[in-house]
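Lettering of chains follows the sequences in order, A, B, ..., and the numbering in each one begins at 1.
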Amino acid sequence: MTDDDRLMTQRLKKRDALLEMGIDPYGGRFADVQASAGLRRKAEGLDLQPGVRSEMTARAAGRIVLLRLMGKLAFLTIRDATGTLQFGISQGDIGEGWPILKELDLGDIIGGDGVLGRTKTGELTLWCNHLTVLAKSLQPPPEKWHGLTDVDLRYRRRYVDLFTNPQVRDVFHMRSAIIQAVRQCLVDVGYYEVETPVLQPIYGGAAARPFTTHHNTLDMDLFLRISPELYLKRLLVGGMERVFEISRNFRNEGISTKHNPEFTMIELYEAYADYQVMMERVEQMVSAAFEVSARLAVPRRTVAIEEECLRLGREQGEEAADAYAREQHLTAYREARDAIGRGRMQTMFHGKILDFTPPWPRRKYADLLQEYAGVAMTDSDTVRKKAEKLGIDPSGKDTAVLVNQLFEATVEHHLVQPTFVYDYPAAICPLTRRHPQDPSIALRFEAFAAAMELGNAYTELNDPQVQAENFRRTVAGEGEETMAVMDEDFITALEYGMPPAGGLGVGIDRLVMLLTDSHSIRDVILFPLQRPQARGDESAGG
RNA sequence: GGGGGCGUAGCUCAGUGGUAGAGCAUCGGCCUUUUAAGCCGCAGGUCUUGGGUUCGACCCCCAACGCCCUCACCA
């Protein structure tokens, strides 16, 4: 028998013991549960002194994360969605319910009824006169101090990660709040939220390889969308003048700390606008997202770090406390918190302060290329020479493609502070309107922060003939951003007339990364794609 | 795909060319104000897998598998 089996067997025995006592180890509805955080606030109001029990009754529930049995008295710490709370149980108070305690384990979900009080040391405690078993846990939880650290296991068993590592739950709480804020921000200025097909017979709207699938009844191959763009523009034709979609996109490409095969993007289109308006939309959405994330994060994080510093100072001396403060960027968090007070939108990312306060700097693509690569975008010969110098093979490539590679190699890593880079080479932008004075330039910008692409926007191309021509060229493989498939119906839609418009996509995952100081996209996606676990004997023999 | 790192008890991690250790969790005992509770005792391992070198491999070599980082690719 493996250790794993042994541990589960022991827990199963306890489950049976509960059943014998006439207790359902998987209790049902548990009405009127109070959140631990709410009880804490209430206790503040009561001015409870250490060692005193109040008259106030309360009911709480959560997972047992710590368990201390001391003969005829027990303390257990439960964790709910809002924090932790100590249950105190004395044999005298609980009487017949006492034997239940022996059958409880770390990880079980229980409810308690009792009165609020404080122990001698001041810890808020629910002194229980009744315990309800809500769910017996058969799997042993991870180590109580270190939690689950194995990165692979954390993603595979995200549920364990979530209930053992509170900061993980914070990140996803924040993700939810950020999406909500961004959505509300657009609804407030007259946008409709829509849903367009994920299963598409023709994919397009971005340069990426798609996933393919098959519909059985129609006997037809389909693609998972790489972008919602071409459908959202059809809605502009249809008269929906402001639309957005929070779109899960699927791209069959490499996986990295910045790329997951499925990722979330908010894409929006606004009739009679252009890419300049879209820059303002980026600033508005990011500001809204920043505000909710700052409200949630900074106080909580700062308080948690300060408490830990105090504890370390007490137990291990000031030096240890200082070291911890530095390690946790405490000073920077304080600065960030103060910055909000002054109306600045600053946050820590990778040990650097990013300032999202609008307006963000706006830099011309060509100027940045000149500044960091030392070449003029239009000077084909110099571009080729510079590319070769940097180890980029220029043979058979369009100048615009090389320019773009040069840009990525020389400029991008400098774009740490939020920045709009605008006016891209037209050859790599098949869906974008050209600059009226210079047809080699496309009215496109990308938003960068922390050297990462955060968003991408155009003044949309609404001339069906130019669009059809661009399709033909990209299908033929000219330029870099191949769409590979001609979408006839999209052209037909444009032929009916699409209002001039600005369009924008912002990577939600990356935005959440920036605002939660997460360095891998997997840390902001609940269940990132992973190779299936090879189990036991199936994996043997290589 | 290239380079680097990792894989040892359920969890978190040490470790040595002579068939393995700690803390936590588990199990048994004591304990009515604990705070990662404490004290005493027991148990728990195909050291990722497969080859090789060796009298002998968890350790050295080769390969495979998985994960992480990084470069390349990639809106």
A.B. asks: Considering only heavy atoms, which members of residues 413-421 of chain A lie under 4.0 Å from some atom of RNA chain B?
C.D. replies: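 Residues of residues 413-421 of chain A under 4.0 Å from RNA chain B: none.
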
A.B. asks: With heavy atoms under 4.0 Å as the rule, sort A/R154 into base, sugar-phosphate or nothing.
C.D. replies: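 Answer is nothing: A/R154 stays at 4.0 Å or more from every strand.
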
A.B. asks: If only side-chain N and O atoms count, and only distance matters, is there a donor-acceptor pair under 3.5 Å linking A/E446 with A/Y424?
C.D. replies: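 Looking only at side-chain atoms, A/E446 and A/Y424 do form a donor-acceptor pair, the distance falling under 3.5 Å.
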
A.B. asks: Go through B/rC69, B/rA37, B/rG44 for me and flag the one nearest to the A/M70 side chain.
C.D. replies: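 Closest of the options to the side chain of A/M70: B/rA37.
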
A.B. asks: Does A/S90 or A/G147 map to a spot on RNA chain B nearer the 5' end, using the closest nucleotide for each?
C.D. replies: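 Nearest-nucleotide comparison on RNA chain B picks A/G147.
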
A.B. asks: According to the Watson-Crick and G-U wobble definitions, with both distances under 3.5 Å, which nucleotide is paired to B/rG41?
C.D. replies: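 WC or wobble partner is B/rC27.
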
A.B. asks: Under 4.0 Å between a Lys/Arg side-chain N and an Asp/Glu carboxylate O for A/D93 and A/R53?
C.D. replies: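 Salt bridge: yes.
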
A.B. asks: My understanding is that only residues two or more places apart in sequence, or in another chain, count here; which of them pass side chain to side chain contact (heavy atoms under 4.5 Å, CB included) with A/M377?
C.D. replies: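 Checked A/M377 against side chain to side chain contact (heavy atoms under 4.5 Å, CB included); matches are A/Y365, A/A366, A/L369, A/V403, A/P425, A/I441.
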
A.B. asks: Are any of the side-chain nitrogens in A/K13 or A/D16 under 4.0 Å away from the carboxylate oxygens of its partner?
C.D. replies: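 No, no charged N to carboxylate O under 4.0 Å.
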
A.B. asks: Taking NZ, NE, NH1 and NH2 as the nitrogens, is one of them in A/D523 or A/R154 under 4.0 Å from a carboxylate oxygen of the other?
C.D. replies: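 Salt bridge: yes.
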
A.B. asks: Would you indicate what A/K72 reaches in the nucleic acid, counting non-hydrogen atoms under 4.0 angstrom: base, sugar-phosphate, or nothing?
C.D. replies: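 Since a base atom lies under 4.0 Å of A/K72, the category is base.
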
A.B. asks: Indicate, yes or no, whether a donor-acceptor pair under 3.5 Å links the base of B/rU34 to the side chain of A/Q86.
C.D. replies: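 When only heavy-atom distances are counted, A/Q86 does reach the base of B/rU34 through a donor-acceptor pair under 3.5 Å.
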
A.B. asks: Name all residues meeting the side chain to side chain contact (heavy atoms under 4.5 Å, CB included) criterion together with A/I94; count only those two or more places apart in sequence or in a different chain, and write none if there are none.
C.D. replies: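 With neighbours one apart ignored, the set is A/I89, A/W98, A/L131.
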
A.B. asks: Would you mind classifying the nucleic acid contact of A/K13 as base, sugar-phosphate or nothing, using non-hydrogen atoms under 4.0 angstrom?
C.D. replies: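 The answer is nothing, as A/K13 stays clear of every strand by at least 4.0 Å.
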
A.B. asks: Between B/rU70 and A/T257, counting only base atoms on the nucleotide and side-chain atoms on the residue, is there a donor-acceptor pair under 3.5 Å?
C.D. replies: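 It does not, because no donor-acceptor pair links the side chain of A/T257 to the base of B/rU70 below 3.5 Å.
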
A.B. asks: Checking contacts here: which listed nucleotide (B/rC68, B/rC13, B/rU34) is nearest the side-chain heavy atoms of A/V151?
C.D. replies: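 Looking only at side-chain atoms, A/V151 lies closest to B/rC68.
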
A.B. asks: In whole Å, what separates the C1' atom of B/rC62 from that of B/rA57?
C.D. replies: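 That atom pair is separated by 14 Å.
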
A.B. asks: Have a look at A/L148 and say if it touches a base, only the backbone sugar-phosphate, or nothing, with a 4.0 Å heavy-atom cut-off.
C.D. replies: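 Contact class for A/L148: sugar-phosphate only.
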
A.B. asks: Within the structure shown, what part of the strands sits under 4.0 Å from A/R251 by heavy-atom distance: base, sugar-phosphate, or nothing?
C.D. replies: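 If one applies the 4.0 Å heavy-atom cut-off, A/R251 turns out to touch the sugar-phosphate alone, with no base involved.
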
A.B. asks: Answer yes or no: is there an ion pair linking A/R363 with A/D367, defined by an N-O contact shorter than 4.0 Å?
C.D. replies: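 Salt bridge flag = no for A/D367 with A/R363.
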
